[in-house]
Amino acid sequence: MKTLLSCFVICLSVLTLKAQIPNFSSTQHIDQEFGLGTISLTYGRPDVKGRKIFNGTEPYGVVWRTGANAATIIKFTDEVTIEGHKIKPGEYSLFTIPGATEWTVIINKVAKQWGAYSYDQKQDLLRFKVKPYRLPITLETLTMQFTDVHIDEGILQILWERTGIALHLKANVNDRVIANINRMMKGKDKPYYLAAVWYYNHNLDMTKALAWMTEQEKTQPDAYNVKYWKARILLKMGDKKGAINTAKVGLFIAEKDENAEYIRMNKEVLRDAGYIK
């Protein structure tokens, strides 16, 4: 009984100490919406602290956890392509092998592991090479970030000290969205507005986009956002007169409601159509 009590006291002391003294390297969790799903990253963020990092603390040619403490975890809720390699939905670990002119990026099927101590190459889902680039400044803390993110493409950057790598991401979204639109158009609640905007932004059938936005206009005749998008579609179709007339109505409604954003946006259509300077 005394031994059990002693163990309990020790465990409680460790937990209390951990609550009072944080990890030397903080942990960051990032969720990025991408395609029709989400990409999540969890990694430890070590600092340079005056050290030489690559080909120093982190030797060239050696598998690195790409962070501190536990191995970096990357999770996909939808299929994603990284540097041309398809990855199914799932949770994986992200390792790298730094080099002077080339890095190896590793997606490993064992998601939760401490560092690279138990890393097993046989569990690799895939490996690929990327070229590192030099940063203009020294970045003290290891940083991962998503940049240039669009619906179906983006970049995951891994940056530390004076070195960075960029992983190019893609998702097959358009075909599936069109299939979803076609399916929903057969139902009761038809997504006229969103479908028309999607077709406009992806340079698809503008005749369909105009028909859908016109249907939306019937239920929202005084909506300046609907007028704006209808004007945009008309302008893309080459109907400047129709675009001008629609944008003028949208501008009038937006000014009446004092909506600065759609005042500006409808004026942009009028400028693009050559009606105002």
Side-chain angles (χ1 to χ4, degrees), residues 23 25-46 53-55 57-133 135 139 141-161 163-176:
N23 290 326
S25 297
S26 62
T27 299
Q28 184 173 62
H29 179 84
I30 306 171
D31 287 330
Q32 175 63 57
E33 290 184 354
F34 187 68
L36 297 181
T38 302
I39 303 175
S40 301
L41 273 171
T42 304
Y43 69 105
R45 306 188 67 193
I53 299 301
F54 297 112
N55 204 28
T57 302
E58 304 301 339
Y60 286 157
V62 177
V63 175
W64 176 40
R65 72 189 83 185
T66 319
N69 305 320
T72 293
I73 295 174
I74 187 166
K75 181 180 179 181
F76 307 92
T77 63
D78 192 26
E79 185 175 273
V80 172
T81 299
I82 301 183
E83 295 293 332
H85 304 276
K86 286 186 179 180
I87 301 179
K88 297 288 186 182
E91 191 173 57
Y92 308 95
S93 55
L94 171 64
F95 293 98
T96 52
I97 302 176
T101 59
E102 186 177 72
W103 280 42
T104 299
V105 178
I106 303 166
I107 305 295
N108 189 270
K109 291 179 282 188
V110 182
K112 294 179 173 65
Q113 48 186 307
W114 187 261
Y117 302 109
S118 59
Y119 164 77
D120 182 359
Q121 186 173 344
K122 294 177 183 178
Q123 295 297 319
D124 286 353
L125 178 71
L126 63 90
R127 285 183 168 212
F128 56 88
K129 308 282 189 179
V130 295
K131 298 290 184 184
Y133 55 90
L135 302 179
L139 197 61
T141 305
L142 173 66
T143 298
M144 298 188 191
Q145 62 185 21
F146 293 93
T147 62
D148 299 336
V149 179
H150 305 282
I151 292 173
D152 52 6
E153 62 181 48
I155 298 173
L156 169 58
Q157 293 180 318
I158 301 175
L159 315 166
W160 198 22
E161 196 186 30
T163 300
I165 61 171
L167 310 182
H168 294 82
L169 312 169
K170 289 191 175 182
N172 179 18
V173 175
N174 196 50
D175 292 345
R176 289 185 291 166

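Numbers here simply count residues along the sequence, with the first being 1.
For K86, there are no side chain to side chain donor-acceptor pair (under 3.5 Å) partners, not counting sequence neighbours. In this structure, the side chain to side chain donor-acceptor pair (under 3.5 Å) partners of D78, at least two apart in sequence or on a different chain, are R176. Take I155 and apply the side chain to side chain contact (heavy atoms under 4.5 Å, CB included) test, not counting sequence neighbours, and it matches T147, D148, Q157, A166, H168. With sequence neighbours excluded, no residue forms a side chain to side chain donor-acceptor pair (under 3.5 Å) with Q123.
Using a 4.5 Å heavy-atom cutoff, the side chains of I82 and F76 are in contact.
Residue pairs satisfying the ring-ring contact (aromatic ring centres under 6.0 Å, His included) criterion with at least one member in residues 82-103, sequence neighbours excluded, are listed as follows: F54-W103, H85-F128, F95-Y119.
Going from atom CG of L126 over to atom CD1 of I107 covers 5.5 Å, rounded to the nearest 0.5 Å. Of the inter-residue distances, the one linking I74 atom CD1 with E91 atom CD reads 10.5 Å to the nearest 0.5 angstrom. Atom CH2 of W64 is separated from atom CD1 of I53 by 8.0 Å, given to the nearest 0.5 angstrom.
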Review item, side-chain donor-acceptor pairs of residues 35-45, under 3.5 Å, at least two apart:
from: S40; atom 1: OG; to: D31; atom 2: OD1; distance (Å): 2.6
from: T42; atom 1: OG1; to: H29; atom 2: ND1; distance (Å): 2.7
from: Y43; atom 1: OH; to: Q28; atom 2: OE1; distance (Å): 2.6
from: Y43; atom 1: OH; to: R45; atom 2: NE; distance (Å): 3.3
from: Y43; atom 1: OH; to: M144; atom 2: N; distance (Å): 2.9
from: R45; atom 1: NE; to: L142; atom 2: O; distance (Å): 2.8
from: R45; atom 1: NH2; to: L142; atom 2: O; distance (Å): 3.2
from: R45; atom 1: NH2; to: T143; atom 2: OG1; distance (Å): 2.9

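Residue E33 qualifies as open at atom CD: its count of foreign heavy atoms under 6.0 Å is 12 or below.
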(message) Determine whether Y117 and V63 satisfy the following criterion, side-chain contact (heavy atoms from CB on, under 4.5 Å), listing intermediate values before the conclusion.
(response) CA-CA 9 Å; Y117 302 109; V63 175; over 6 Å; no
